[in-house]
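We count ligands from 1, going down the list as the structure has it; atoms in each ligand are counted the same way.
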Amino acid sequence: MSGVVVIGGGPAGAASAILLARAGRAVTLLERESGPHDKVCGEFISHEAAAYLAALGVDLSALGAVPIRHTRLAGRHGETRIALPFAASSLSRRRLDEALLQLAADAGVEVRLGIRARRMARDGDGWRIGVDDGALHASSVFLAVGKHDLKGWKRPPGLQSDLVGFKMHLRLAPAEAAALDRHVELILFPGGYAGLEPIEDGLANLCLLVRRSALPKGEVWPELLALIRTACPLLDRRLEGAQPLWPKPLAITAIPYGHVQKSANGVWRLGDQAAVIPSFAGDGMAIALHSAHVAAAAYLEGGTAETYQRRMARDLGLQVLGATLLSQALVRPWGQAALTSLARLQPRLMTAAAARTRISEKALERTLPQPRGLSFQSRP
Ligand SMILES: Cc1cc2nc3c(=O)[nH]c(=O)nc-3n(C[C@H](O)[C@H](O)[C@H](O)COP(=O)(O)OP(=O)(O)OC[C@H]3O[C@@H](n4cnc5c(N)ncnc54)[C@H](O)[C@@H]3O)c2cc1C
C-alpha cells in the first residue's frame, strides 16, 4: 500500500502533499498534466491565500507576483476606484502551481505528472485508484481534482451552474499597462462580469464569467469581446492595441458554484472538491489552501475524513452562500446597477459586504495561528 495518494496537483493537492510529506508520511501525487500549464483563473492572490502560501515557504515576490492595491469597478454606469482593505497580489497559475509542485517534490512527495486518475474504489481497508496503465493502492485518498469530477464521484450542480468561464493572457499597450498597474478591474457587462489585472512579466490576465444564455451564437470569443467592449468603455480602452498571447482563450463550463461538500464516504475532498465559491466575489485559492492545511492537520492527528468534511462545511458554508448570492446578482442588470451605486456612495459598506464572502477570521486563525509576516487584522 502506497500511503496517501493525492489526486490533483493544484494548490489544494500540492499544499496537502507538502504538509503530509514534511510530517514524514509517504505521499504520491497524481497530476494529469505533464508539465506547467495555464488554468482558467483570475490569478488574484488574496491576503488569506498569501498567508497560507507563506506558511508553506512560497516566496511570491521571488516568483514575480505583482502587487494589487485597488479595485476599479467599471461598466456602462461609469467607473469607481476603491482601495483594497488588504495587500493582495497576482501571479499566473502556471508559475504558482509549478512552484507548489516543486516544493512538494523537495519535501519528498512522489510527484507523478501526466498521470490521470480514472476511477477510484474501496479496496479492503484502503483504496484502488485506476490510472491509464494500471492501478495504485492507497491507505487514504485526498481528492483535489478541482472543477473536474472523477468518474463515479461527481458533485451535485451547486446553486449557480449556468456560468461559462474564459481566460486570456494579453500584452497591453504600454499606456494601458501603466494605467492598470496595482489594480484589479472588475468589469460588468450584460450577463456576466470580468476581471482584468496585471501579472508577472508585464502581462495582463483577462478572466470572465458569463451566463450561458448570454453567450453570442456565432464566433463566441470575438463576439463576446465586442459585446463587453461596447458595454464597458474602460475595457474598450484597455484592449486597444493589446496582443493576445494565445490563439484562443481557455474555457470552462458547468462549474458547480455554491456547492459545499458535507459528507465524505471516506475520501478527503479538498479545494474545489470541498466547496466551490464564485470566483470574483470569493477566494477560491484561499479555500483550496485552507482545506489543505485543515485536512493535513486532521489526518496527522488521526482524524477522519467525515469529521474534516463537516468542519469544512462549517468553515465555508455561509461564505460560499453569500458569494453565490452576490454572483447571482452580479450577472443581472439590477444587481450590476446596485453594486455600482453602492461602490460610488458607500465604498466601505461594499468592502464590508465582500469580507463576508471570504473565509472567516476565526477559521483562519484556528488553522494558521501565527501567519508568517502577515496579519489578518487588516481585514475590514
Ligand atoms: C473564472 C474563474 C476565475 C477565478 N479566479 C480566481 C481568483 O482570481 N483568485 C482565486 O483565489 N481563485 C480564483 N478562482 C478559483 C480557483 O481557480 C480555484 O478555486 C482553485 O484553483 C482550486 O484549487 P484546487 O487545487 O482545488 O483545483 P485546481 O487548481 O483546479 O487543481 C486541480 C488539479 O487536478 C488536476 N486533475 C484534474 N482531474 C485529474 C485526474 N483525474 N487525475 C489527475 N489529476 C487531475 C488538474 O489538472 C489540476 O491541476 C477562479 C476560478 C474560475 C473558474
Would you call Ile287 a ligand 1 contact, heavy-atom distance under 4.0 Å? no
Can you check whether Met120's main-chain N or O pairs, donor with acceptor, with Trp153's side chain at less than 3.5 Å? yes
Would Asp272 count as a polar contact of ligand 1, with the cut-off being nitrogen or oxygen pairs under 3.5 Å? yes
Which of the atoms of ligand 1 are close to Ile7, meaning less than 4.0 Å from one of its heavy atoms? 42 (N), 43 (C)
Answer yes or no: is there a donor N or O on one side and an acceptor on the other, between the side chain of Tyr308 and the main chain of Arg269, under 3.5 Å? yes
Which ligand 1 atoms, with their elements, are less than 4.0 angstrom from a heavy-atom of Gly9? 33 (C), 34 (O)
Can you tell me which portion of Cys41 lies within the under-4.0 Å heavy-atom range of ligand 1? Options are side chain, backbone, both, or neither. both
Between Glu31 and ligand 1, does any nitrogen or oxygen pair lie at a separation below 3.5 Å? yes
Would a single hydrophobic cluster contain both Ile252 and Val210, if residues Ile, Leu, Val, Met, Phe, Trp and Tyr are joined by side-chain heavy-atom contacts under 4.5 Å? yes
Taking the minimum heavy-atom distance to atom 21 (O) of ligand 1, which of Lys39, Glu197, Arg93 ranks first? Arg93
Out of Glu79, Glu197, Glu185, which one pairs with Arg238 under the salt bridge (charged side-chain N to carboxylate O under 4.0 Å, His left out) rule? Glu185
Show the atoms of ligand 1 that are less than 4.0 angstrom away from any heavy atom in Leu30. 43 (C), 44 (N)
His148-ligand 1 polar pair, N/O distance under 3.5 Å: no
Take a 6.0 Å sphere around CZ of Arg22 and say whether it holds more than 12 heavy atoms from other residues, nucleotides or ligands. yes
Got an N/O contact under 3.5 Å between Ala117 and ligand 1? yes
Test item: Glu43 side-chain N/O and Arg93 main-chain N/O as donor-acceptor pair under 3.5 Å: yes
Counting each atom of ligand 1 from 1 as listed, which ones have a heavy atom of His37 under 4.0 Å away? 49 (O)
For Leu150, the atoms of ligand 1 under 4.0 Å from one of its heavy atoms are 41 (N)
Under 3.5 Å between any N/O of Leu208 and any N/O of ligand 1: does that happen in this structure? no
I'd like the name of whichever of Gly146, Gly42, Ser16, Gly271 reaches closest to atom 27 (O) of ligand 1 through any heavy atom. Gly146
When clusters are formed by joining ILVMFWY residues with side-chain heavy atoms under 4.5 Å apart, either directly or through shared neighbours, do Leu318 and Val260 land in the same one? no
Numbering the atoms of ligand 1 from 1, which are under 4.0 Å from a heavy atom of Ala144? 32 (C), 33 (C), 34 (O)
Salt bridge present between Lys248 and Glu219 (N-O < 4.0 angstrom): no
Evaluate Asp132 against Arg116 for salt bridge (charged side-chain N to carboxylate O under 4.0 Å, His left out), listing each step before the verdict. CA-CA 7 Å; Asp132 282 333; Arg116 180 192 288 257; 5.6 Å; no
Looking only at distance, does Met285 have an N or O less than 3.5 Å from an N or O of ligand 1? yes
May I ask you to test the Trp246-Lys167 pair for a side-chain heavy-atom distance under 4.5 Å? yes
Any heavy atom of Ala49 sitting closer than 4.0 Å to ligand 1? no
Report the C-alpha distance between Asp162 and Arg212 in whole Å, list the side-chain angles of each, state the deciding distance to 0.1 Å, and finish with yes or no for salt bridge (charged side-chain N to carboxylate O under 4.0 Å, His left out). CA-CA 6 Å; Asp162 65 336; Arg212 193 188 300 272; over 6 Å; no
Out of Ala194, Gly165, Gly195, Ala12, whose heavy atom is nearest to atom 24 (P) of ligand 1? Ala12
For Tyr257, take its heavy atoms, then give the atoms of ligand 1 lying under 4.0 Å from any of them. 52 (C), 53 (C)
For Phe44, take its heavy atoms, then give the atoms of ligand 1 lying under 4.0 Å from any of them. 7 (C), 8 (O), 9 (N), 10 (C), 11 (O)
Pair Lys39 + Glu33: basic N to acidic O under 4.0 Å: no
